[in-house]
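Report on one structure; see the data block that follows.
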Number of protein chains: 2
Amino acid sequence: MTSPTIYDVARAAGVATSTVSRAFSNPQRVSAPTRELVVQVAAELGYSPNPHARALTSRRTQTIAMVVSDITNPHFFEIIRGAELRAKASAHTLVLVNAEESPRIEREQINRLSRSVDGFLLAASRLPEDDLVELAGSHALVMVNRQVPGIPGVVLDQREGCRQLVTHLASLGHTSLAYLTGPRESWMAASRWAAIRDAAAEAGMTAVRMGPFTPRVTHGAAAADAALTTGATALIAHNDLLAIGVLQRLAARSVRVPDDVSVTGFDDIFAAELCTPSLTTLGGTHVNLGRAAVELLLEAADAPRRPGAAAQHLVLPSQLVLRDSTGLARGRRGPA
Amino acid sequence: MTSPTIYDVARAAGVATSTVSRAFSNPQRVSAPTRELVVQVAAELGYSPNPHARALTSRRTQTIAMVVSDITNPHFFEIIRGAELRAKASAHTLVLVNAEESPRIEREQINRLSRSVDGFLLAASRLPEDDLVELAGSHALVMVNRQVPGIPGVVLDQREGCRQLVTHLASLGHTSLAYLTGPRESWMAASRWAAIRDAAAEAGMTAVRMGPFTPRVTHGAAAADAALTTGATALIAHNDLLAIGVLQRLAARSVRVPDDVSVTGFDDIFAAELCTPSLTTLGGTHVNLGRAAVELLLEAADAPRRPGAAAQHLVLPSQLVLRDSTGLARGRRGPA
DNA sequence: TTGAAAGCGCTAACAA
DNA sequence: TTGTTAGCGCTTTCAA
């Protein structure tokens with residue numbers, strides 16, 4: 001009933017337990033013939049190493065945890081998928097944790113898992129920067145969609161992406177935009193606003209920020225109402241979910257999109273292509289975000305914190321996807 | 001640097017290590033005063049139990065694995081979310097595994113994790129029933145959206161749901177339907193077809209099955225083309241993704257929905273509400289599926305396999321959501 | 001290159 | 001109720 005151990009294999013193969021151990025975890029330190037013998041005997045007995053016993057001494061678990069700020073946001077799906085893919089390729093296990101938009105829960109979950117994983121992927125972390133720096137001192141950490149000095153991370157290029165987005169709106173004749181911002185703790189929200197504001201200034205547009213709004217469809221109504229008071233003809237929602245909610249509210253209020261106002265989102269989730277009108281949005285290959293993040297984490301876990309070596313920051317390209325929710329500004333339609 | 005162990009706590013509190021151990025894993029077997037002392041000393045020292053050492057002796061890991069047949073399908077998201085929620089409530093960790101629609105990968109992943117988790121949630125498993133029964137002999141198993149005799153499981157009610165769906169179509173005057181079926185290994189696909197066929201017979205409709213089709217948007221084109229050859233006026237796609245692909249293809253071929261044909265899906269994913277026309281679909285609260293599945297698994301892990309006690313099968317209600325993709329059959333429009 | 005042996009941190013008899 | 005003690009299965013010095 002109970003599964004075979006290295007002792008069983010050692011006895012059957014006529015070698016010491018340490019040799020069996022090496023054959024599995026350090027193959028190059030065993031002669032080829034012995035290794036083959038051990039491996040074969042192990043296979044016959046149906047032996048496989050006990051990961052907990054292994055972790056107990058070696059302190060390596062072959063497991064990484066991914067903490068997402070809000071698992072209900074479909075945009076994380078792609079990141080999770082990429083991470084799972086990459087983790088599997090290196091025979092690592094992916095643990096999934098939901099922080100439910102709460103810094104407290106995020107912290108608790110990290111503490112709970114700190115002994116059972118080799119490192120953490122923190123996606124859109126809501127923790128204050130100080131906490132993160134402290135954590136990075138004792139754990140392998142990789143940030144996803146957030147930049148923290150000294151901690152490795154992967155982000156989609158917001159600066160360039162937002163510039164393209166704003167330029168697109170400017171080229172349609174819009175002269176004023178409103179950014180409907182996300183959660184206060186969201187690094188992304190701050191980063192997007194900074195990029196949008198700068199790009200707007202450059203393009204000679206006025207830009208205002210409204211919010212914060214919880215980036216869900218249901219909160220789009222409030223966001224849309226707030227945005228309309230500004231008189232802006234271009235609305236940039238913090239993400240696609242919020243944008244879709246905005247679209248729905250505008251339709252309900254008989255404001256035409258894109259004839260009266262243009263609306264854009266971020267993330268390019270699956271639904272962005274299907275809603276009416278389809279949504280212009282700043283996307284990118286989120287699968288690669290997840291993939292790259294795991295890659296970085298595995299490196300960090302292998303070569304822990306060479307002091308002096310700067311933390312790696314990967315910036316993956318974002319991609320502006322033009323659809324039907326953006327159009328010429330009011331009064332700019334028809335032949336000039 | 002290295003974290004404190006029960007030895008440190010025992011010494012500082014002046015008790016035996018076993019007392020410390022009990023205070024944490026079996027509190028009721030320690031007198032209240034001793035327990036409080038131990039807990040307080042432990043807190044001061046910053047002690048927390050090493051999960052691997054714990055697992056090594058107790059064989060309990062506080063971890064459960066969820067294996068999904070295809071992580072790209074958004075419908076699993078909700079199930080995953082429910083499972084994560086419930087797992088967290090019992091201080092359990094959720095490991096996420098993608099089987100990529102491959103029975104081989106599914107099996108490999110299960111084997112790889114078999115030592116590190118307390119049990120498995122198998123969502124839409126593609127494994128043959130024999131394999132599952134064998135697995136259930138050595139592991140705690142709960143099936144999600146698949147019924148296997150002798151193994152506990154949770155499903156949304158297909159029989160009643162499909163009956164409602166078919167009745168809905170019949171009441172709109174449709175007399176022939178086509179079911180665009182999912183993967184060959186999908187228990188769900190077989191189960192839906194059986195229910196649809198029976199319900200159709202009951203309602204005096206003819207029913208044909210086409211496929212199998214990979215249930216993704218991109219495969220909707222082939223499915224739509226195949227369906228049109230049958231002359232059926234009502235198309236039931238295996239899931240919403242396929243249905244959305246069908247809608248797109250029909251639009252491209254200038255077949256009007258629902259004027260020329262009606263289209264339905266399964267799952268009620270987020271996008272079903274947003275596509276054009278919005279999709280009539282058989283949904284249900286998938287979050288509860290995940291939640292209930294974890295619940296069952298925790299029970300099973302606690303009271304392992306009382307022989308004689310039948311495996312629990314939970315059937316959660318499904319819910320028919322009527323939207324714009326279904327309408328009166330051709331020739332049944334206007335005043336009678 | 002291989003073997004002997006001492007733990008890793010905890011649980012669970014068993015005894016007191 | 002508490003303490004003693006022998007493992008759980010593996011890795012890792014250290015010696016040979």
Side-chain angles (χ1 to χ4, degrees), chain A residues 1-39 41-42 45-63 91 112-118 301-302, chain B residues 1-39 41-42 45-63 91 112-118 301-302:
Chain A
M1 194 57 220
T2 160
S3 33
T5 72
I6 44 171
Y7 291 98
D8 302 315
V9 179
R11 195 173 327 114
V15 298
T17 58
S18 49
T19 302
V20 179
S21 171
R22 285 188 201 103
F24 280 93
S25 45
N26 237 333
Q28 74 278 19
R29 281 152 127 322
V30 173
S31 74
T34 344
R35 184 187 343 149
E36 276 156 30
L37 171 67
V38 169
V39 167
V41 170
L45 264 47
Y47 166 81
S48 74
N50 179 319
H52 296 293
R54 201 171 238 188
L56 191 53
T57 36
S58 72
R59 308 201 148 282
R60 311 218 46 213
T61 63
Q62 302 276 102
T63 300
R112 193 171 70 78
L113 289 175
S114 70
R115 312 288 282 278
S116 4
V117 303
D118 291 340
D302 266 356
Chain B
M1 194 58 222
T2 159
S3 32
T5 71
I6 43 172
Y7 291 99
D8 303 315
V9 178
R11 196 175 323 113
V15 299
T17 58
S18 51
T19 302
V20 178
S21 171
R22 285 188 202 103
F24 280 93
S25 45
N26 237 333
Q28 74 278 19
R29 281 151 125 327
V30 173
S31 73
T34 340
R35 186 188 341 151
E36 277 156 29
L37 171 68
V38 169
V39 167
V41 170
L45 263 48
Y47 166 80
S48 74
N50 180 319
H52 297 292
R54 200 170 237 190
L56 191 53
T57 36
S58 72
R59 309 199 147 283
R60 312 217 45 215
T61 63
Q62 302 276 101
T63 301
R112 193 170 69 78
L113 289 174
S114 70
R115 313 287 281 278
S116 3
V117 302
D118 291 341
D302 267 358

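All chains are named by letter (A, B, ...) in the order of the sequence lines, taking the proteins before the strands, and each is independently numbered beginning at 1.
Closest non-hydrogen pair, A:Ser116 versus B:Pro51, comes out as OG-CG, 3.7 Å. Contact record, A:Ala12 with A:Leu45: CB-CD2, 4.2 Å, taken as the closest heavy-atom pair. Across A:Ala301 and A:Arg60, no two heavy atoms sit closer than the pair CB-NH2, 4.1 Å. Across all their heavy atoms, B:Arg115 and B:Thr61 have their closest contact at O-CG2, 4.4 Å.
Atom CZ of A:Arg11 and atom CD1 of A:Ile6 lie 11.5 Å apart (nearest 0.5 Å).
The main-chain N or O of B:Gln62 is never found under 3.5 Å from a side-chain atom of B:Arg54 such that the two would form a donor-acceptor pair.
Looking at heavy atoms from C-beta onward, B:Asn50 lies in side-chain contact with A:Leu56 at the 4.5 angstrom threshold.
Applying the side-chain contact (heavy atoms from CB on, under 4.5 Å) test between A:Val20 and each of A:Val38, A:Val39, A:Val41 identifies A:Val38 as the sole match.
One end of the helix from C:dT1-D:dA16 to C:dA16-D:dT1 points its axis 30° away from the other end's axis, with each axis taken from 5 pairs and the angle rounded to 10°.
For A:Arg59, the salt bridge (charged side-chain N to carboxylate O under 4.0 Å, His left out) test picks out no residue, with sequence neighbours left out.
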Donor-acceptor pairs under 3.5 angstrom involving side-chain atoms of residues 23-36 of chain A: please list them, not counting sequence neighbours.
| from | atom 1 | to | atom 2 | distance (Å) |
| --- | --- | --- | --- | --- |
| A:Ser25 | OG | A:Ser21 | O | 2.8 |
| A:Asn26 | OD1 | A:Gln28 | NE2 | 3.2 |
| A:Ser31 | OG | A:Thr34 | OG1 | 2.2 |
| A:Thr34 | OG1 | A:Ser31 | O | 3.4 |
| A:Arg35 | NE | A:Pro27 | O | 3.4 |
| A:Arg35 | NH2 | A:Val30 | O | 3.3 |

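Of the residues in residues 18-37 of chain B, B:Ser18, B:Thr19, B:Arg22, B:Arg29, B:Val30, B:Ser31, B:Thr34 come within less than 4.0 Å of DNA chain D through at least one heavy atom, sorted by number.
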Can you give me the N/O atom pairs linking the protein to nucleotides 7-9 of chain D at distances under 3.5 Å, or say none if there are none?
| from | atom 1 | to | atom 2 | distance (Å) |
| --- | --- | --- | --- | --- |
| D:dG9 | OP1 | B:Arg59 | NH2 | 3.0 |

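Taking every nucleotide of DNA chain C with any atom under 4.0 Å from a non-hydrogen atom of chain B, the first and last of them, 5' to 3', are C:dG9 to C:dA13.
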